[in-house]
Amino acid sequence: MTNTTKISTAKIRSDFLNFFQSKGHTIVPSAPLVPGNDPTLLFTNSGMVQFKDVFLGAEKRSYVRAADVQRCLRAGGKHNDLDSVGYTARHHTFFEMLGNWSFGDYFKKEAIAWSWELLTKVWGLDPERLLVTVYHTDDESYDLWHTMIGLPPERIVRIGDNKGAPYASDNFWQMADTGPCGPCTEIFYDHGAHIAGGPPGSPDEDGDRYIEIWNNVFMQFDRQPDGSLQPLPAPCVDTGMGLERIAAILQHVHTNYEIDLFQALIAKAAELTGTQDLENKSLRVIADHIRACSFLIVDGVLPSNEGRGYVLRRIIRRALRHGWMLGVRGGFFHKLVPTLVAQMGQAYPELTAAQAMVEKALQAEEERFAETLDSGMKIFDEIVAGLGATTTIAGVDAFRLYDTYGFPVDLTADIARERGLSVDMAGFEVAMEQQRETARAAGKFGGGVSLPAELVAQLQPTRFLGYEAHTADSLAVVAILKDGRPVDVIAAGDAAIVFTAATPFYAESGGQVGDTGALSAAGVLFNVSDTQKFAGQFHGHVGTLEQGTLKVGDSLSGGIDAARRGATILNHSATHLLHAALREVLGTHVQQKGSLVAPDRLRFDFSHFQPITADELAVIERKVNEQIRANNAAEVHHMGMQEALDFGAMALFGEKYGENVRVLKMGDYSTELCGGTHVSRTGDIGLFKITTEGGVSAGVRRIEAVTGQGALDVIAAEEARLAEVAAIVGGQSAELVEKVRALAARSKQLERELEQLKAKAAAGATADLGSQAVEVAGLKVLAVRLEGFDAKALRDAMDRLKQQLGDAVILLAGVSEGKAALVAGVSGVALGKVKAGALIAHVAAQVNGKGGGRADMAQGGGDDSPALVAALAAVPNWVEVQLG
């Protein structure tokens with residue numbers, strides 16, 4: 001029997017999780033949109049991303065069944081739906097994926113039975129409206145749907161391979177060209193004959209009548225390099241069901257934008273933009289984009305000009321452009337956040353906690369985009385002014401507006417259309433593709449050496465011994481990489497990466513640099529220049545074999561550079577105290593955006609939207625040193641992730657945590673998740689000293705600091721510089737401030753006197769210049785070269801000559817040390833006939849320079865050369881030409 005009750009989006013989430021919890025699944029929280037320690041992905045774009053290492057065999061979980069609601073984003077990289085969003089029924093930048101997972105536990109029978117039970121029994125969907133697809137050779141799934149579920153053959157569609165390529169099918173899933181893969185079965189909902197479209201596998205399958213709602217992937221093979229399939233020893237299940245799609249069906253509407261969540265956002269967007277038509281596509285765009293932008297900011301991304309921050313900026317500006325199309329000229333987008341929090345805050349408490357931060361970040365970007373619009377419109381007007389009889393804006397000009405001024409090309413096209421113009425979109429795409437090629441060549445999200453999949457599957461995670469010891473014996477060599485490939489043996493002189501079953505060497509992570517030191521045995525010495533973490537759990541010793549021969553299976557002794565590690569841990573523990581002090585002084589919106597913990601310094605990047613004052617920096621530094629003097633114990637606790645969060649621990653941006661975590665607690669001041677090495681007591685840090693503070697990008701600040709002996713060295717250096725300055729000004733350190741203040745006052749006085757003398761000299765030098773003017777069609781034209789005049793002196797002379805000559809065109813060239821400063825002025829009736837900017841551009845171009853400005857005053861520069869003399873002499877003729 002069909003359920004006619006509308007089910008809220010919030011209840012659909014809870015129904016799904018409760019159902020699978022009743023089937024023995026562990027409920028796992030959504031991973032962030034920024035994949036932890038995965039350089040191959042811009043964003044989490046599917047539910048399986050957080051389980052990728054589990055499927056590859058590189059990570060083990062305490063459970064074999066899991067269910068979650070995963071937030072996902074498809075707006076950059078391979079998966080990019082951005083340009084379709086708002087104009088189709090089911091495309092989104094941000095969406096939620098309901099998923100249930102089996103890691104070598106249940107398989108096809110249970111997955112299919114539970115899918116059917118949830119859809120038809122719990123949610124009451126009409127079984128007659130459901131049909132399924134299976135891979136054409138997957139007889140097992142076909143039989144389960146037919147005999148166990150009871151679907152007739154006409155509602156079970158076998159989907160074959162595309163264009164004859166083996167396994168190239170919508171119903172055969174693979175993680176990559178090799179590795180885990182298998183058939184999948186998809187469940188479709190029939191919206192009814194009144195909607196165009198045919199069933200899956202038919203020629204008109206792209207219509208909107210039959211909509212895929214759930215995909216069950218059965219990973220049962222390991223695809224080999226030769227293309228053959230080997231059965232996996234422990235087959236897995238990976239499912240995904242789009243929350244927005246199933247909500248539309250359960251709420252008896254056709255498009256995702258008609259569900260309760262979107263209707264609330266659309267209504268608020270309409271209110272903020274003064275739009276009466278709730279079907280307006282721009283409202284859909286705005287409603288979609290506020291989700292993507294808000295959750296990206298929650299997960300630590302801020303608008304910038306590269307990487308993930310650039311994608312966020314593009315989404316924000318696309319939303320703002322649609323607001324602009326609806327007539328909004330002020331800030332509005334950030335005002336949607338409270339409505340979003342009301343809709344999704346209960347499911348995602350982190351959104352509620354970060355509400356103020358999200359609003360502030362979006363408001364700052366709105367203000368920045370307003371400036372972009374202003375500057376972009378000026379350039380747009382200049383481009384249009386230069387079109388002449390042409391009615392098409394060149395693609396390169398549209399791209400310049402986009403690339404240099406952040407002006408979206410569709411906005412350029414909209415404004416052009418309003419003026420009866422068009423944009424060469426093909427030319428724009430050519431320029432855009434050139435930029436993409438450059439970006440691909442730069443390949444930021446590529447990655448360097450990685451551990452081959454076969455090693456990941458074979459090796460056990462490295463046992464880290466370095467919390468307790470700096471040296472260790474009997475370290476078994478389990479793998480060696482040379483030139484990125486596994487080898488069995490290396491010889492003296494070879495650069496390689498050596499993996500041992502256990503190690504005292506800390507591998508770079510959490511901002512802390514990797515240890516250095518040596519691995520050795522009788523006649524063998526491997527110099528470790530760095531230690532890196534591979535696949536999140538294998539410590540690779542990077543270095544060179546200095547002596548002997550080393551092979552897999554050998555046993556080594558290892559020792560780290562203890563002094564280097566000791567200096568590093570002072571900076572790492574101080575970083576935690578700094579983070580806490582920043583949140584106390586500046587506010588809880590502060591979130592870590594990156595860090596470097598090295599032996600000689602610490603660097604800490606964090607979210608904050610304005611420069612930190614000197615007084616605030618002093619308070620922050622003082623609070624950290626107070627905690628150091630308190631000499632609190634640095635307690636380490638091991639616990640489950642949720643227990644740690646309940647304990648008050650803060651999880652850091654960009655880090656990937658397992659089920660069981662390590663918590664560092666220093667007094668009642670700082671509690672954070674951290675796998676790094678630390679002091680025993682805060683007093684061990686000794687002293688903390690901030691060295692620099694500045695901006696990194698919009699909304700991100702950076703503090704650099706030193707500790708221990710490094711802090712003492714900085715203070716000693718500052719004292720030495722003060723003593724040197726005191727000696728220069730002829731006083732003691734205690735008198736230094738007054739001495740410098742007196743010198744500064746004297747310097748300002750002398751500068752004023754010098755300016756006055758320069759003005760008098762310039763007035764004298766220009767007193768008779770007016771007599772050198774020539775008459776051109778009733779206008780006075782003067783173009784002269786003046787030795788030793790800077791730009792200010794030229795402007796002052798220009799003001800006097802305008803008053804003296806009246807209707808005039810004047811060009812002054814002040815020359816010094818081979819360079820010329822140019823100032824042009826037009827006054828009186830000449831203003832309507834000659835433009836100073838055009839004159840300055842004409843002359844500057846002849847002397848390897850450039851310039852521009854207003855019609856009455858313009859400035860520029862170039863070389864002092866014979867060409868300048870010729871250009872000045874030709875000015876009267878140029879004026880005559882302008883007058884026609």
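Keep in mind it's a predicted model, so treat the numbers as computed, not measured.
In this structure, CG on Asp299 lies 11.0 Å from OG on Ser294, to the nearest 0.5 angstrom. A distance of 12.0 Å separates SG of Cys293 from CZ of Arg314, quoted to the nearest 0.5 Å. We find the CG-CG distance between Leu33 and Leu73 to be 5.5 Å, quoted to the nearest 0.5 Å. The CG atom of Leu750 lies 9.0 Å from the CZ atom of Arg752; values are rounded to the nearest 0.5 Å. Atoms CG and CZ, from Asp288 and Arg318 in turn, are 8.0 Å apart once rounded to the nearest 0.5 Å. The CG atom of Asp277 sits 5.5 Å away from the CG atom of Asn280 when rounded to the nearest 0.5 Å.
Phe604 is listed as a side-chain neighbour of Leu582, based on a closest heavy-atom distance under 4.5 Å. At a threshold of 4.5 Å between non-hydrogen side-chain atoms, the residues Arg400 and Ile379 count as touching. A heavy-atom distance below 4.5 Å is found between the side chains of Met857 and Lys802. Contact check for Arg368 versus Arg317: side-chain heavy atoms found under the 4.5 Å cut-off. In this structure, the side chains of Leu362 and Leu336 stay at 4.5 Å or more apart for every pair of heavy atoms. At least one side-chain heavy atom of Phe332 sits less than 4.5 Å from a side-chain heavy atom of Ile286. No side-chain heavy atom of Val706 sits less than 4.5 Å from a side-chain heavy atom of Leu602. Counting only heavy atoms from C-beta outward, the side chains of Gln610 and His608 approach each other to under 4.5 Å.
A donor-acceptor distance shorter than 3.5 angstrom exists from the side chain of Arg291 to the backbone of Phe94, with no hydrogens or angles considered. No donor-acceptor distance shorter than 3.5 angstrom exists from the side chain of Arg417 to the backbone of Ser422, with no hydrogens or angles considered. Panel note: side chain Glu365, backbone Ala361; no donor-acceptor pair is recorded below 3.5 Å. Using modelled atom types, no side-chain atom of Lys850 and backbone atom of Gly860 make a donor-acceptor pair closer than 3.5 Å. Proximity of a side-chain donor or acceptor of Arg74 to a complementary backbone N or O of His92 within less than 3.5 Å is not detected. Under a 3.5 Å cut-off, the side chain of Glu693 and the backbone N or O of Leu617 do not form any donor-acceptor pair. Between the side chain of Glu366 and the main chain of Phe333, a donor-acceptor pair closer than 3.5 Å is present. Formation of a donor-acceptor pair under 3.5 Å by the Ser607 side chain with backbone atoms of Gln591 is found in this model.
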(message) Could you walk me through whether Val311 and Val301 satisfy the side-chain contact (heavy atoms from CB on, under 4.5 Å) test, starting with their C-alpha distance in whole Å, then the side-chain angles of each, then the deciding distance to 0.1 Å, before giving a yes or no?
(response) CA-CA 10 Å; Val311 176; Val301 181; over 6 Å; no

(request) Show the numbers, then the answer: is there a side-chain contact (heavy atoms from CB on, under 4.5 Å) between Ile393 and Leu401? (result) CA-CA 11 Å; Ile393 294 173; Leu401 277 165; 5.7 Å; no

(message) Run the side-chain contact (heavy atoms from CB on, under 4.5 Å) test on Leu782 and Gln772 for me, step by step, so that the C-alpha distance in whole Å, both residues' side-chain angles and the decisive distance to 0.1 Å come before the verdict.
(response) CA-CA 7 Å; Leu782 176 65; Gln772 300 181 34; 3.9 Å; yes

(message) Applying side-chain contact (heavy atoms from CB on, under 4.5 Å) to Leu596 and Val513, what does each step give before you reach the verdict?
(response) CA-CA 7 Å; Leu596 170 68; Val513 297; 3.8 Å; yes

(request) For Arg419 and Asp381, run salt bridge (Lys or Arg N to Asp or Glu O under 4.0 Å): C-alpha distance rounded to whole Å, both residues' side-chain angles, the deciding distance at 0.1 Å, then the answer. (result) CA-CA 11 Å; Arg419 302 191 186 187; Asp381 290 338; 3.0 Å; yes

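The two residues Leu786 and Leu794 come nearest to each other via the heavy atoms CD1-CD2, 4.0 Å. Annotation for Ile840 and Gly851: closest pair CG2-C, 3.6 Å, computed over non-hydrogen atoms. Nearest heavy atoms, Ala871 versus Val843: CB-CG1, 4.1 Å. Residues Val423 and Ala398 share a closest heavy-atom pair of CG1-CB, 3.8 Å. Considering every non-hydrogen atom in both Ala777 and Leu883, the closest pair reads CB-CD1, 3.7 Å. Here the closest heavy-atom approach between residue Pro876 and residue Val781 is recorded as CA-CG1, 4.0 Å.
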Review item, side-chain donor-acceptor pairs of residues 807-836, under 3.5 Å, at least two apart:
unit_1, atom_1, unit_2, atom_2, d
Asp807, OD1, Val829, N, 3.0
Lys819, NZ, Asp863, OD1, 2.9
Ser827, OG, Gly806, O, 2.4

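Under the salt bridge (charged side-chain N to carboxylate O under 4.0 Å, His left out) criterion, Arg601 pairs with Glu704, not counting sequence neighbours.
Ion pair Arg795/Asp799 not flagged as a salt bridge, since none of the NZ, NE, NH1 or NH2 atoms sits closer than 4.0 Å to an Asp/Glu carboxylate oxygen.
At most 12 heavy atoms of other shown residues, nucleotides or ligands fall within 6.0 angstrom of atom NZ in Lys780. More than 12 heavy-atom neighbours from other residues, nucleotides or ligands sit within 6.0 angstrom of CD on Glu775.
By the 30° and 60° cut-offs, the orientation of the rings of Tyr402 relative to Phe428 is perpendicular.
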